[in-house]
Amino acid sequence: MDMLKLNVPNSITNDKLIDLYKQMWQIRLFDEKVDEFFAKGMIHGTTHLAVGQEASAAGVCALLTVEDKITSTHRGHGHCIAKGATPDKMMAELFGRTTGYCKGKGGSMHIADVEMGNLGANGIVAGGIPLAVGSALTAKMKRLDYVTVCFFGDGATNEGSFHEAVNLASIWDLPVIFVCENNQYGMSGSVKEMTRVENIADRAQAYGIPGEVADGNDIIAMMNVTDKAIKRARSGEGPTLIEAKTYRWKGHSKSDAKKYRTRDEEQEWRKKDPIKRYKEVLIEAGLLTEEKAEEVRLAVKKEIEDAVKFAEASPQPTLNDLLTDVYA
Amino acid sequence: MREITYLEAVREAMSIEMRKNEDVYILGEDIGVYGGAFGVTRGMIEEFGPERVRNTPISEAGIAGAAVGSALTGMRPILEIQFSDFITIALDQMVNQAAKIRYMYGGKGKVPMVLRTPSGSGTGAAAQHSQSLEAWVAHIPGLKVVQPSTAYDAKGLLKAAMDDDNPVIFYEHKLLYKTSSEVPEEEYSIPLGKADIKREGSDVTIVATAIMVHKALEAAKELDKEGISVEVVDPRTIVPLDKETIVNSVKKTGKLIVVHEAVKRGGIGGEIASVVAESEAFDYLDAPIKRLGGAESPVPYNPELERAHIPQVPDIITAVKETLNRA
């Protein structure tokens with residue numbers, strides 16, 4: 001049977017396309033499980049979920065190698081999975097166990113996996129943006145081939161750090177890709193209320209770099225826009241600002257009555273479910289069937305259940321761990 | 001041995017390191033052909049080029065973060081913050097990122113960087129260019145804090161700071177830049193966390209930092225004429241703090257005065273006094289501990305008021321006599 005050729009970057013194979021479908025489910029089911037545990041009081045602290053935003057994390061990271069780096073945000077579980085983290089060690093971190101990515105010392109907002117190029121989630125809005133620029137500066141000074149992707153939200157673009165960091169990357173032609181996941185709200189502040197520009201990407205003009213608006217709920221669009229930005233970065237032409245228009249289905253954090261938006265608006269965005277849209281594209285292209293799609297989802301569901309078992313069976317840190325790792 | 005200035009000692013330490021280690025670079029505002037606001041980096045861009053002597057926009061938060069990010073990925077940056085007052089603008093990156101990354105990440109990753117910055121009053125630059133905020137950063141686990149008082153110490157401590165795998169805040173005192181002392185031409189390192197007894201004495205211990213070391217030494221000289229023997233201890237680094245040397249000195253003299261330029265309230269003097277009060281030296285104290293520090297006001301512009309803001313030699317002499325009278 002003739003297959004419809006999908007318009008994706010050359011480096012993306014058919015197997016990779018199916019892997020990405022699985023990865024989007026990993027991101028969603030991981031966060032839904034976390035949501036369930038917080039509701040039941042099984043995990044302490046707080047958490048920020050990226051349900052509904054799976055396409056940008058998966059689509060952007062699909063173009064990255066192990067050597068490439070990312071910086072992430074407080075809403076970072078998806079970026080982490082997309083950059084190669086495994087749900088078991090992530091879940092263990094949320095349970096505060098020693099087998100977690102940060103030995104239980106970081107929790108939801110600070111998962112990092114430096115060896116895999118994940119320079120870390122960040123509890124400070126826009127805190128990771130200058131870090132990404134520093135990582136890109138290392139690549140340039142050491143003449144290394146890696147690029148750094150910097151994820152942040154719409155709210156972060158009103159922080160001074162964003163503007164300072166983008167300007168630095170621009171004047172130094174650094175190999176960094178700024179990915180703004182515009183999920184329409186910085187906590188309760190709607191992007192319409194907090195900025196006067198039509199698109200966050202328009203802010204790129206102020207720094208003399210390309211700004212690209214993309215459908216953040218379309219993984220293929222995200223791959224294509226990222227591919228272009230990475231090619232520009234790797235060839236020494238400097239940074240790009242990508243704006244992924246998307247929506248967070250859940251509240252800001254675990255305690256959010258969502259008084260600042262309507263249920264109708266939420267339903268409109270749920271119709272643009274990035275996983276469902278991608279599944280339909282894959283089926284139409286002959287790469288997936290409904291049965292296979294369901295198999296994938298169930299396999300991921302089991303993987304998340306296993307991650308929970310792993311986390312629950314993992315040891316708690318001892319009080320001796322309190323004072324270790326403060327200094328190198 | 002040859003004498004060079006404190007400023008030259010800082011520059012020499014950086015230059016020696018940069019000749020040896022390609023990963024070391026310096027970034028900051030006006031550090032290129034201008035040579036830095038105080039001239040510390042003068043001539044460095046000519047030797048090392050604009051890649052490694054990286055002149056930046058006026059973006060303290062951005063350049064601090066770029067330093068942290070590059071340190072996390074394998075470089076060893078030296079960040080010059082033009083006046084230590086401006087560290088307030090860079091503090092998110094130093095306090096929330098640099099200081100915490102290793103711990104938050106469970107011991108993975110390290111941030112080997114030095115933030116060098118001139119502090120202190122006495123230049124008539126008034127409230128926003130004269131502060132001594134070292135206690136702010138000393139409060140943060142994950143940071144180290146250095147305050148050299150002589151050219152010799154500046155060169156050796158900066159070498160140790162550059163070799164350290166942690167973020168180090170390195171305070172240079174503006175009024176000390178032009179002071180000279182004997183400094184070896186070759187490289188040497190003074191370990192962080194090792195105090196220096198700048199003058200031995202038996203009647204009273206003065207723990208003084210940065211420029212106050214010199215004022216304490218001057219006071220000690222005057223008091224010596226009256227037969228009062230003062231020991232002057234320079235901690236050199238306030239994080240880590242050499243508690244042992246301070247405690248041993250107080251055990252010997254039985255009296256403690258702490259002197260710093262930073263505002264007394266919440267200053268590092270309170271920490272040093274507490275360390276002694278909590279130690280075995282408490283039983284040796286013959287008089288209450290005294291603290292001298294900056295007045296509880298912003299640094300004023302008028303030269304008389306500016307002098308009055310911080311402890312001066314006569315204040316230290318008075319404090320010593322009061323302490324001895326209480327014994």
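Quick note on labels: first sequence line is chain A, next is B, and so on, each numbered from 1. Being a predicted model, the structure only gives us computed values, none of them experimental.
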Below 4.5 Å, heavy-atom pairs only: which of A:Ala139, A:Gly127, A:Gly106, A:Gly104 has the largest tally toward chain B? A:Gly127

Where on A:Val326 is there a heavy atom nearer than 4.5 Å to chain B: the side chain, the backbone, both, or neither? both

Would you call B:Tyr105 and A:Lys105 a side-chain contact if the rule is heavy atoms closer than 4.5 Å? no

Is the shortest side-chain heavy-atom distance between B:Val68 and A:Pro130 below 4.5 Å? no

Proximity breakdown for A:Ala121 and chain B, heavy-atom pairs closer than 4.5 Å: backbone

Closer than 3.5 angstrom, by distance alone: can the side chain of B:Lys108 be matched with the main-chain N or O of A:Tyr101 as a donor-acceptor pair? yes

So, does A:Asp325 use its side chain to make a donor-acceptor pair with the main chain of B:Arg102 at under 3.5 Å? no

Atom CH2 of residue position B:Trp136 - does it have more than 12 heavy atoms of other residues, nucleotides or ligands inside 6.0 Å? no

Pick one of side chain, backbone, both or neither for A:Thr148, based on which atoms fall under 4.5 Å of a heavy atom in chain B. neither

Testing B:Asp23, B:Thr73, B:Leu72 one by one against A:Thr138 for a side-chain contact (heavy atoms from CB on, under 4.5 Å), which residue passes? B:Thr73

Under 6.0 Å from the CD1 atom of B:Ile58, do we count more than 12 heavy atoms belonging to anything else shown? no

Which one wins on heavy-atom pair count under 4.5 Å against chain A: B:Ala99, B:Pro77, B:Gly107? B:Gly107

Quick check on A:Asn122 against chain B: is it the side chain, the backbone, both or neither that has a heavy atom closer than 4.5 Å? side chain

Given a strict heavy-atom distance threshold of 4.5 Å, which part of A:Tyr146 is in contact with chain B: side chain, backbone, both, or neither? side chain

Could you measure the distance from the CD atom of A:Glu159 to the CG atom of B:Asp92? Nearest 0.5 Å is fine. 8.0 Å

Beyond-backbone contact of B:Met75 with A:Leu137, side-chain heavy atoms, under 4.5 angstrom: no

Quick check with a 6.0 Å cut-off and a 45 degree axis cone: is B:Lys144 positioned over the face of A:Tyr327's six-membered ring? yes

Chain B contacts, top residue of A:Leu119, A:Val133, A:Thr71, A:Val114 (heavy-atom pairs, under 4.5 Å): A:Leu119

Counting only non-hydrogen atoms closer than 4.5 Å, does A:Glu115 touch chain B with its backbone (N, CA, C, O), its side chain (CB onward), both, or neither? side chain

How far does CD1 of A:Ile171 sit from OG1 of B:Thr56, to the nearest 0.5 angstrom? 7.5 Å

Please say whether more than 12 non-hydrogen atoms of neighbouring residues, nucleotides or ligands are located less than 6.0 Å from CD in A:Glu237. yes

Just wondering, are more than 12 heavy atoms of other shown residues or ligands nearer than 6.0 Å to OH in B:Tyr188? yes

Counting heavy atoms not belonging to A:Gln316, are there more than 12 under 6.0 Å from its CD? yes

For B:Leu143, which atoms come within 4.5 Å of any heavy atom of chain A: side chain, backbone, both, or neither? backbone

Straight-line distance of A:Lys140 NZ to B:Ser70 OG, nearest 0.5 Å: 14.0 Å

Is it the side chain or the backbone of B:Glu60 that comes within 4.5 Å of chain A heavy atoms, both, or neither? backbone

Closest-packed option against chain A by number of heavy-atom pairs under 4.5 Å, given B:Lys110, B:Glu51, B:Gln93: B:Gln93

Given heavy-atom pairs under 4.5 angstrom as the criterion, report whether the side chain, backbone, both or neither of B:Gln97 touches chain A. side chain

What part of A:Leu168 lies closer than 4.5 angstrom to a heavy atom of chain B: side chain, backbone, both or neither? side chain

Please tell me if the side chains of B:Arg54 and A:Met141 come closer than 4.5 Å, counting only heavy atoms from C-beta onward. yes

